[in-house]
A.B. asks: 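Sharing a structure, written as structure tokens. Questions coming.
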Amino acid sequence: HIAPGSGAGTPAHGGDFDAIVVGAGFSGMYLLHRLRDQLGLSVRVLEAADGVGGTWHWNRYPGARCDSESHSYCYYFSKDLLEEWEWSERYPTQPEILRYLNHVADRFDLRRDIALNTRVGSARFDEAANLWQVTTAEGRTLSAPFLVTAVGCLSAANVPKIPGLEDFAGQWYHTGEWPQEGVDFTGKRVGQIGTGSTGIQAVPVIAETAGHLWVFQRTANYSVPAHNAPLSPETKRWIREHRDEIHRVMTSNTNGHPFNIEDRSALEVSEEERQRLYEQAWAKGGLQFRATFRDLLTDKAANDTASEFLRAKIRSIVKDPRTAAILSNIDHPYATKRPPIDSGYFEAFNRDNVTLVDLRAAPIERITPRGIKTKDAEYPLDIIVFATGFDALTGPLLRIDIRGRDGRSLRDAWKAGPVNYLGLQVPGFPNMFTMTGPGSPSVLCNMPVAIEQHANWIADCIAGMRAKGLRRIEARPEAAERWVRDVNAAAESTLLPEAGSSWYLGANVPGKPRVFMPYAGGMAHYRAICDEVARKDYEGFALS
Ligand code: FAD
């Protein structure tokens, strides 16, 4: 299946293909379509999983759904695709998104150029031949002048190294590597570790069937209700009739969502008005809560007003005052960690079969054959669910042994944190593009918008090079240094670095450098910078 093949055209400059793409999620699939069907390149996509869909193939945990609204969480590159696909709910479930991505794979005949069950273990740039030699975990090597990593930013599961896990007599699962056949919780004693976006989605659903669910919380979190519901025929019609406008909003604002941030300060309105606006945003639900005021992420005093509103909501929902106090004892400003939205998370703690365990008061000491042992007690369990997130952004790239010019490894180049230009290229690694990785807006954005921008920029760049007979593009070190400074400055101008335990900073993985990784300057601004660089003949890149 990974032999040279069905892609249009023949490789122009030696090698098995014109381009090798790693990953068949939203990113890799669209890039394949752009490079193959619009540029006529021969392309091979290598995908570790046994199906397409990336995130939505792997994350099959109970309650898994998207926090972006369905009409914005999809490709916009094809009007026909937009017309023929109809979402059923405001926030689509994992199975529905996976169906959508499978539909895309069929609709654009992508499968013939995707090799499934093919994990890339290493990639080496052969400078003399100007080819990337990409080797699979099974030891097969393929070559192409261009290598694009579409490996995802939340695809390397992070299972904390808690002593004793190997001795646990029950079953354990990470939410991001959930078994395809599902897990039966009926009557079981379940322990869930982690209360981030994933954990908050999983709790209410696991609680429905579990005998008892213990939720082990280290970091308390804000959450806003999703108010998910089926899309009414009127809403569906409205979406259909306003597609161009929706797309214009999504591609011209900070976060790629189909709404703009209100242009008013939380501190310029009266207390009464502020509460009214927060109540209104709470009733509407979803990530748009963040957009109630323009300064929630830049001014601590403004943020405090939102944080306090949300803490009060927790206290009003959760009946047991002690549980409510632990859930609302939040140590970071609102939205400085990935802000979750939920469907009955706090309400779940009012059930008799759900207990919150405060790990701040009594940390986990070890896992025993029977269950989880904290400083205070041992909790006997049948199943442990790790909702502990990912080695984000850099993890999926550094799990591959990538070597650029002179055999230099990416792991070395990024020892002190990721260094790249525009989040697109690393100096010393010619012709390798990274999609939605560190240094790009990625996780701070509604991601399909970021993905289409990256794929379009990369495809246009390769097309331009071919038109001019150029064969190599490499980020200049000084451009990358400048970009790293810009990425830091963008983060520093917000409250985002204040969440000390955030995975945006790499803080969830022991030993990982503490660097704010995504570009916080906003998607629209980032797009303008990338366009300007391209317009100036790829300023900051060396082309030959
Ligand atoms: P992925 O979908 O992660 O795909 C990457 C693929 O690369 C995977 O299939 C993986 O198997 C493959 N791969 C990785 N390494 C290798 C290797 N070495 N060899 C071969 N294959 C490899 N984004 C939003 O905008 N809104 C949301 O509400 C939202 N919710 C999310 C909820 C969850 C639970 C998670 C985990 C993520 C969520 N995201 C959300 C982010 C989501 O990851 C992106 O929206 C999008 O799916 C990313 O697509 P991708 O193709 O870039 O990466």
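This is a predicted model, so every value here is computed, not measured. When a ligand or atom number is given, it counts from 1 through the structure's own listing order.
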A.B. asks: Counting each atom of ligand 1 from 1 as listed, which ones have a heavy atom of Trp56 under 4.0 Å away?
C.D. replies: 30 (N), 31 (C), 32 (C), 47 (O)
A.B. asks: For Ala150, counting its heavy atoms only, list the atoms of ligand 1 lying under 4.0 Å from any of them.
C.D. replies: 5 (C), 6 (C), 7 (O)
A.B. asks: I need the atoms of ligand 1 closer than 4.0 Å to a non-hydrogen atom of Ile400, numbered in the order shown.
C.D. replies: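 This gives 18 (N) as the contact atoms.
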A.B. asks: Looking at Trp172 versus Phe386, is the centre-to-centre ring distance below 6.0 Å?
C.D. replies: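 Yes.
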A.B. asks: If hydrogens are left out, which of Arg338, Met29, His454, Met435 has an atom nearest to atom 30 (N) of ligand 1, that is, the closest non-hydrogen atom?
C.D. replies: Arg338
A.B. asks: Could you list the atoms of ligand 1 found under 4.0 angstrom from a heavy atom of Ser155?
C.D. replies: 3 (O)
A.B. asks: When you compare the side chains of Asn158 and His174, does any donor N or O come within less than 3.5 Å of an acceptor on the partner?
C.D. replies: no
A.B. asks: With a 4.0 Å cut-off on heavy atoms, does Arg119 reach ligand 1?
C.D. replies: yes
A.B. asks: Nearest 0.5 Å please: distance from the OG atom of Ser442 over to the CE atom of Met523.
C.D. replies: 9.5 Å
A.B. asks: Say whether Met447, considering both its backbone and side-chain N or O atoms, lies within less than 3.5 Å of an N or O atom on ligand 1.
C.D. replies: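 The answer is yes, given that Met447 and ligand 1 share an N or O pair closer than 3.5 Å.
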A.B. asks: For atom 4 (O) of ligand 1, what's the nearest protein heavy-atom neighbour? Residue, atom name and distance, please.
C.D. replies: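 Residue, atom and distance for the closest contact: Gly54 CA, 3.4 Å.
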A.B. asks: May I ask you to identify the nearest protein heavy atom to atom 11 (O) of ligand 1, giving residue, atom name and distance to one decimal place in Å?
C.D. replies: Glu47 OE2, 2.7 Å
A.B. asks: At a 4.0 Å threshold, what atoms of ligand 1 neighbour a non-hydrogen atom of Leu46?
C.D. replies: 20 (C), 21 (N)
A.B. asks: For the residue pair Tyr519 and Tyr526, does the interplanar ring angle fall in the parallel (under 30°), tilted (30 to 60°) or perpendicular (over 60°) class?
C.D. replies: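 Rings of Tyr519 and Tyr526: tilted, 30 to 60°.
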A.B. asks: For the residue pair Trp282 and Phe289, does the interplanar ring angle fall in the parallel (under 30°), tilted (30 to 60°) or perpendicular (over 60°) class?
C.D. replies: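 Ring orientation, 0 to 90° scale: perpendicular.
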A.B. asks: Regarding atom 14 (C) of ligand 1: of the candidates Val151, Ile451, Val443, which has the closest heavy atom?
C.D. replies: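 Nearest option to atom 14 (C) of ligand 1, by heavy atoms: Val151.
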A.B. asks: At a non-hydrogen distance cut-off of under 4.0 Å, which region of Tyr91 contacts ligand 1 (side chain, backbone, both, or neither)?
C.D. replies: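 The answer is neither.
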A.B. asks: So is Ala156 in contact with ligand 1, going by heavy-atom distances below 4.0 Å?
C.D. replies: no
A.B. asks: Please state which protein non-hydrogen atom is closest to atom 53 (O) of ligand 1 and give its distance, to 0.1 Å?
C.D. replies: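 Heavy-atom neighbour on the protein nearest atom 53 (O) of ligand 1: Gly152 CA, 3.1 Å.
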A.B. asks: Test your reading of the structure: does Trp58 have an N or O sitting under 3.5 Å from an N or O of ligand 1?
C.D. replies: yes
A.B. asks: Parallel, tilted or perpendicular for Phe77 and Tyr30, by the 30°/60° rule?
C.D. replies: parallel
A.B. asks: Is there a polar contact between ligand 1 and Phe26, counting only N or O atoms under 3.5 Å apart?
C.D. replies: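 Yes; at least one N/O pair falls below 3.5 Å.
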A.B. asks: Could you walk me through whether Thr292 and Glu262 satisfy the side-chain contact (heavy atoms from CB on, under 4.5 Å) test, starting with their C-alpha distance in whole Å, then the side-chain angles of each, then the deciding distance to 0.1 Å, before giving a yes or no?
C.D. replies: CA-CA 6 Å; Thr292 310; Glu262 296 293 339; 5.7 Å; no
A.B. asks: Are any of the N/O atoms in Ala48 less than 3.5 Å from those in ligand 1?
C.D. replies: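 So ligand 1 has an N or O lying under 3.5 Å from an N or O of Ala48.
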A.B. asks: What's the spacing between Ile451 CD1 and Asn456 CG if we round to 0.5 Å?
C.D. replies: 11.5 Å
A.B. asks: Kindly identify the option in Val21, Thr55, Thr436 whose heavy atom sits closest to atom 38 (C) of ligand 1.
C.D. replies: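 Checking each option, the heavy atom nearest atom 38 (C) of ligand 1 is found in Thr55.
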A.B. asks: I want to know if ligand 1 touches Arg65 in the polar sense, i.e. an N/O pair below 3.5 angstrom.
C.D. replies: no
A.B. asks: For a salt bridge (Lys or Arg N to Asp or Glu O under 4.0 Å) check, start with the C-alpha distance between Asp16 and Arg44, then their side-chain angles and the critical distance, and finish with the verdict.
C.D. replies: CA-CA 9 Å; Asp16 300 318; Arg44 184 59 91 231; over 6 Å; no
A.B. asks: Closer than 4.0 angstrom, basic N to acidic O: yes or no for Asp412 and Arg403?
C.D. replies: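 Not counted as a salt bridge, because no side-chain N and carboxylate O are separated by less than 4.0 Å.
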A.B. asks: Test your reading of the structure: does Thr198 have an N or O sitting under 3.5 Å from an N or O of ligand 1?
C.D. replies: no
A.B. asks: Indicate the ring-plane relationship of Trp85 and Tyr100, choosing parallel, tilted or perpendicular according to the 30° and 60° boundaries.
C.D. replies: perpendicular
A.B. asks: Provide the number and element of each atom of ligand 1 under 4.0 Å from a heavy atom of Gly23.
C.D. replies: 6 (C), 7 (O), 12 (C)
A.B. asks: For ligand 1 and Ser68, I'd like to know whether there is a polar contact (N/O to N/O, distance under 3.5 Å).
C.D. replies: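 Such a contact does occur with ligand 1.
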A.B. asks: Considering only the protein, which heavy-atom contact is closest to atom 50 (P) of ligand 1, and what is its distance?
C.D. replies: Ser27 OG, 3.5 Å
A.B. asks: Parallel, tilted or perpendicular: which fits the ring planes of Trp178 and Tyr173, with parallel below 30° and perpendicular above 60°?
C.D. replies: tilted
A.B. asks: Kindly assign one of parallel, tilted or perpendicular to the pair Phe26 and Tyr73, based on the angle between their ring planes and the thresholds 30° and 60°.
C.D. replies: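 Because their plane-to-plane angle is over 60°, the rings of Phe26 and Tyr73 count as perpendicular.
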A.B. asks: Look at atom 28 (O) of ligand 1 and say which protein heavy atom is nearest, naming residue and atom and giving the distance to 0.1 Å.
C.D. replies: Asp67 N, 2.6 Å
A.B. asks: For Val120, is at least one N or O under 3.5 Å away from an N or O on ligand 1?
C.D. replies: yes
A.B. asks: Against heavy atoms of Asn446, which atoms of ligand 1 measure under 4.0 Å?
C.D. replies: 25 (O)
A.B. asks: Does the plane of the ring in Phe108 sit parallel, tilted or perpendicular to the ring in His33? Use 30° and 60° as the thresholds.
C.D. replies: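 Plane angle between 30° and 60°, so tilted.
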A.B. asks: Fit a plane to each ring of Phe349 and Tyr345, take the angle between them on a 0 to 90° scale, and name the class: parallel (under 30°), tilted (30 to 60°) or perpendicular (over 60°).
C.D. replies: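 Phe349 vs Tyr345 ring planes: perpendicular.
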A.B. asks: Counting heavy atoms not belonging to Arg411, are there more than 12 under 6.0 Å from its CZ?
C.D. replies: yes
A.B. asks: Taking a cutoff of less than 4.0 Å between a non-hydrogen atom of the residue and any ligand atom, is Cys66 in contact with ligand 1?
C.D. replies: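 Heavy atoms of Cys66 do come under 4.0 Å of ligand 1.
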A.B. asks: Which option, Tyr61, Tyr30, Tyr73, Trp178, owns the non-hydrogen atom nearest atom 39 (N) of ligand 1?
C.D. replies: Tyr73
A.B. asks: Got a salt bridge between Asp401 and Arg124, using NZ or NE/NH1/NH2 to carboxylate O under 4.0 Å?
C.D. replies: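 No, no charged N to carboxylate O under 4.0 Å.
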A.B. asks: With the threshold set at under 4.0 angstrom, would you say Thr118 reaches ligand 1 through any of its heavy atoms?
C.D. replies: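 Right, Thr118 reaches ligand 1.
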A.B. asks: Pull out every atom of ligand 1 sitting under 4.0 Å from any heavy atom of Phe390, numbered as shown with elements.
C.D. replies: 36 (C)
